[in-house]
Each structure stands twice: as structure tokens, then as C-alpha cells.
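I have placed the structure first, in the form of C-alpha cells, so that the comments after it can refer back to it.
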Amino acid sequence: MLKKNLIGVTLLLVLSVSMQATSKARVFGSLLYLPEKRCSIPVVMDVGMYVEILDCQNLSIKLKQVEFDTYEGCTDIRVKSNFDLELGCKVKPTGMVPGEYSCWIDNPKVFLDLSENVTVRKLCVKAENVKILYTAPGLDVHVADVTITVVPQS
């Protein structure tokens, strides 16, 4: 008999505890705020490499005589980009003044700088063995064009 009473009391205790657990879960379940999906906002970005030579249309290089048949001139170029790059240049004479033309850029490697994002480099052109006697005199004679090239750094 004692065994039956002990089993009965145990069942009552277990039942009462389980009832309390379900009622607590039911109470807490109604008090908890669950997240609900209200809207979805798309996130977009520009993907790709961006390079700009600022004020390119306004740039020019004035060659000045440094030796008897050698002329040289430089200008500052401002580069804006979103990646590391290396600048290069090619010079193409117009044929107005015969000679050997070359160009270079001081410190051609440009590293991304998010604080300013504009880098200044010096672009120079040199004309050697210039035959100015073969050309009619004039001011600001167009003798060559310089093309700036860009290569991403790896």
C-alpha cells in the first residue's frame, strides 16, 4: 500500500510540475515579441575600376629649351581612382617639328588613398635632336600629343 501511495504522490507531483511548465510556456509565449518581416531593402554598389585624370582638357605641356637641340617640359596631373594602379605615357609627334620625343611620369605607381583619393604626379616630355630650322616660326606650335595609360597593380 505504501508503494501505491508513493507512486500516486509522485505522479501528482510530476503532473503538477508539467502543468506549470506548459502554463508558463503559454504565458511567456504570449509576452514575447517575435520578429516579423516587414520590408526588404536592396543594397547596391558600383563594382568596377574607376580612374579619372582631373581637368585633362585644360592640361598642356610647354617645352622649353634646355640645350642647343633639346627641349623639355612638365605638368602636374591629378589622378582619382578607386584601386592601386601604375601610370604610363606614350608620346606621338605631330610632325610639325622633327625630333626624338619621349615622356615619363615621376613616381608612376598610384596607391589608393581613401582619405583624399586624389594623387598628383608630374608628367614630363623631352624632345631631343629637334630640327627647328625645318619649321616656320610661331608661338605655341602643336608638336606632339601625350597619351596617359593606366594598368592595375596586382
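Computation of the quantities below employed the complete heavy-atom set of this structure, encompassing side-chain atoms and omitting hydrogens, waters and symmetry-equivalent molecules. Keep in mind the model is a prediction, meaning the values are calculated, not measured.
- In Asn129, the CG atom is crowded: over 12 heavy atoms of neighbouring residues, nucleotides or ligands sit closer than 6.0 Å.
- Between Leu112 and Ser81, the shortest heavy-atom contact is CD1-O, 3.5 Å.
- In terms of heavy atoms, Tyr101 sits closest to Gly99 at CD1-O, 3.6 Å.
- Side-chain heavy atoms closer than 4.5 Å link hydrophobic residues (I, L, V, M, F, W, Y) into clusters, and following such links, even through other members, never connects Ile61 to Val66.
- In plain terms, the two heavy atoms of Val125 and Cys103 that are nearest each other are CG2-CB, 4.1 Å.
- Under the 4.5 Å side-chain contact rule for hydrophobic residues, Val51 and Val118 do not share a cluster.
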Which pairs of donor and acceptor atoms, one on a side chain in residues 86-98, lie under 3.5 Å apart (sequence neighbours left out)?
from: Thr94; atom 1: OG1; to: Met96; atom 2: N; distance (Å): 3.4
from: Thr94; atom 1: OG1; to: His142; atom 2: O; distance (Å): 2.9
from: Thr94; atom 1: OG1; to: Val143; atom 2: O; distance (Å): 3.1

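- Checked by atom type and distance alone, the side chain of Arg78 never pairs as donor or acceptor with a backbone atom of Glu52 at under 3.5 Å.
- Remark: Lys109 NZ to Ile105 CD1 distance equals 13.5 Å, nearest 0.5 Å.
- Follow the hydrophobic side-chain contacts under 4.5 Å out from Met49 and you reach Val79 in the same cluster.
- Side-chain atoms of Lys122 and Asp76, non-hydrogen and from C-beta on, do get closer than 4.5 Å to each other.
- Note that CG of Asp55 is 10.5 Å distant from OG1 of Thr75, once rounded to the nearest 0.5 Å.
- Across every non-hydrogen atom of Phe111 and Thr119, the tightest pair is O-OG1, 4.4 Å.
- At least one donor-acceptor pair under 3.5 Å links the side chain of Asn82 to the backbone N or O of Gly48.
- In Tyr50, the OH atom is crowded: over 12 heavy atoms of neighbouring residues, nucleotides or ligands sit closer than 6.0 Å.
- Contact record, Asp140 with Lys62: OD1-NZ, 2.6 Å, taken as the closest heavy-atom pair.
- For the atom pair CD1 of Ile148 and CG of Leu123, the computed distance is 5.0 Å after rounding to the nearest 0.5 Å.
- The minimum heavy-atom distance linking Leu63 with Gly73 is given by the pair CD2-N, 3.5 Å.
- Remark: side-chain polar atoms of Gln65 are paired, donor with acceptor, to backbone N or O of Glu67 under 3.5 angstrom.
- Between Cys124 and Cys74, the gamma sulfurs sit within a distance below 2.5 angstrom.
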Exercise for review: Give the C-alpha distance, both sets of side-chain angles, the deciding distance and a yes or no for side chain to side chain contact (heavy atoms under 4.5 Å, CB included) between Val130 and Thr70.
Suggested key: CA-CA 6 Å; Val130 175; Thr70 303; over 6 Å; no
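- Taken together through direct or relayed side-chain contacts under 4.5 Å among Ile, Leu, Val, Met, Phe, Trp and Tyr, Leu59 and Val150 form part of one hydrophobic cluster.
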